[in-house]
Amino acid sequence: MKCNSVLSVVLSSAIAGSASLVAFSAAADDYPEHDIRMVIPYGAGGPTDIIFRQIAREAEKELGVSIIPVNMTGAGATLGSRHVKDSEPDGYTILGGHDNIALSYIAGMVDYSYDAFSPVARVTQTFNMPTTYPDHPVEDASEIRQYIEDHPGEVKFSMIPTSTDHFFWMQMFDAMDIDVNDVKLISYPDTTEQMSALMAKEIDFTITNAACCSSFYADGTFRPLGVAHSERLSGDTLSDIKTFKEMGIDMESATSRGIFAPAGIPQERIDILADAFETALENETLREKLITELGSEPSFLAGQEYQQFLTANQESLEKVAENISF
């Protein structure tokens, strides 16, 4: 091949490469160009669904496109997470998930955890509450241990296996020096079934939070026995609920909800998404609703801080799991 022909090929390749880079840069700068699907691995109307839909309405104003919630239930919430994990890493399919990503891995249900995704941002923390029916003898969480001692082997706690409430009870039993062999853990497929069982007095205690049950607290259907937090929640009904700290129970427990994208998404797109959700959480009307109606604290984290949180979160859950047989 002649020198000038070689030079021509090299120049053509360089120009083509430059054009590709320009095209990619333009595409990145134009993101997002169309609607984004946000997979929620839980049913419509539940606390996770409600919280993510509320926040997404504000975030889409910043993005200039719609965020379309897609409820994808099944397989212990892993159907939705796996779908997102395996999606194209282009920023147009994201996951509204929480601690269950790590819980499913720890329980051996899936072979992936947080590290299979590109974490975008943590958005809220919803603090958990042991709850009973109105005329149950136990008035607050500090009395549960004595009630178990008075009724060994009879006290029933509901839980969804490998879920956040399963881990909550194990953490609380440890904090209160309660032997798990002295209680009955009753399995249910979902939160609705647990709530129905409590209403029917088939169980003594379940785990709830304000995101799903504030109206039930207000009308007296359920009685919360405390909030696993160091500070009282806001709101007319919620502010009357004692904290674990006030009752001398050394424990905090929250469901930490966040946005995840498939691994490999360009960093600039992660940043665009994170900025949109951060701005959304600055909206005072949304913040007020999250705090007073849904008992969920806006708690934004992104970047390295969020990654560090997820690492610590999984380590903490793995420690609790040492006392659980899956």
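Sequential numbering from 1 along the given sequence is applied to the chain's residues. Nothing here was measured: the structure is a model prediction, and the numbers come from that model.
Both the sub-6.0 Å distance and the 45° axial angle are satisfied by K85 relative to the ring of Y112.
You'll find the side chain of N100 stays beyond 4.5 Å of the side chain of T48, heavy atoms only. Residues K184 and I186 are in side-chain contact: their nearest non-hydrogen atoms beyond the backbone lie under 4.5 Å apart. Contact check for L290 versus E297: no side-chain heavy atoms found under the 4.5 Å cut-off. No side-chain heavy atom of M38 sits under 4.5 Å from any side-chain heavy atom of V70. Within the 4.5 Å cutoff, side-chain heavy atoms of I178 are placed close to those of I148.
Within a 6.0 Å radius of OH in Y105, no more than 12 heavy atoms belonging to other residues, nucleotides or ligands are found.
Ring geometry for Y42 versus H98: interplanar angle under 30°, hence parallel rather than tilted (30 to 60°).
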Item to check | Worked verdict on R122 versus E305 for salt bridge (Lys or Arg N to Asp or Glu O under 4.0 Å) | outcome: CA-CA 10 Å; R122 186 182 74 183; E305 286 184 312; over 6 Å; no
Checklist entry - Under the side-chain contact (heavy atoms from CB on, under 4.5 Å) criterion, do I67 and F52 qualify, and how do the steps go? => result CA-CA 10 Å; I67 299 177; F52 278 121; over 6 Å; no
Item to check | Test log, rule side-chain contact (heavy atoms from CB on, under 4.5 Å), inputs F167 and L103 | outcome: CA-CA 9 Å; F167 278 67; L103 294 178; 3.5 Å; yes
Next on the checklist: Walk me through whether H34 and Y92 qualify under ring pair (Phe, Tyr, Trp, His ring centres under 6.0 Å).
Outcome noted: CA-CA 8 Å; H34 56 78; Y92 289 103; 3.7 Å; yes
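By the 4.0 Å N-to-carboxylate-O rule, K319 lies too far from E315 to be salt-bridged with it. Between D135 and K201 there is a salt bridge, since at least one side-chain N of the basic residue sits less than 4.0 Å from a carboxylate O of the acidic one. The pair D140-K242 meets the salt-bridge criterion, with a side-chain N (NZ, NE, NH1 or NH2) lying under 4.0 Å from an Asp/Glu carboxylate O. Salt bridge status for E246 with R232: present, with a side-chain N to carboxylate O gap under 4.0 Å.
Between the side chains of S230 and E252, at least one donor N or O lies within less than 3.5 Å of an accepting N or O. Remark: the D190 side chain and the Q194 side chain contain no N/O donor-acceptor pair separated by less than 3.5 Å. Using modelled atom types and a 3.5 Å distance limit, the side chains of Y114 and T311 yield no donor-acceptor pair. Between the side chains of S296 and T124, no donor N or O sits under 3.5 Å from an acceptor N or O. Between the side chains of S253 and N128, a donor-acceptor pair is found at a separation under 3.5 Å. Using a 3.5 Å distance cut-off with no hydrogens or angles, the side chains of H229 and Q125 do not pair a donor with an acceptor. N283 and R57 share no side-chain donor-acceptor pair at under 3.5 Å. Looking at T131 and R223, their side chains never bring a donor and an acceptor atom within 3.5 Å of each other.
Residue I270 holds its CD1 atom at 11.5 Å from CD1 of I94, rounded to the nearest 0.5 Å. Distance check: S214 OG to E293 CD gives 7.0 Å after rounding to the nearest 0.5 Å. From W169, atom CH2 reaches atom CG of D174 across 14.5 Å, with rounding to the nearest 0.5 Å. From M172, atom CE reaches atom CD1 of I249 across 6.5 Å, with rounding to the nearest 0.5 Å. The structure places CG of L273 at 13.0 Å from CZ of F260, a figure rounded to the nearest 0.5 Å. Here the CE-CZ distance, from M72 to R37, works out to 5.0 Å after rounding to the nearest 0.5 Å.
Checked against the 6.0 Å centroid threshold, F300 and Y306 do not count as a close aromatic pair.
Among F205, Y217, F216, the single residue meeting the ring pair (Phe, Tyr, Trp, His ring centres under 6.0 Å) criterion with F222 is F216.
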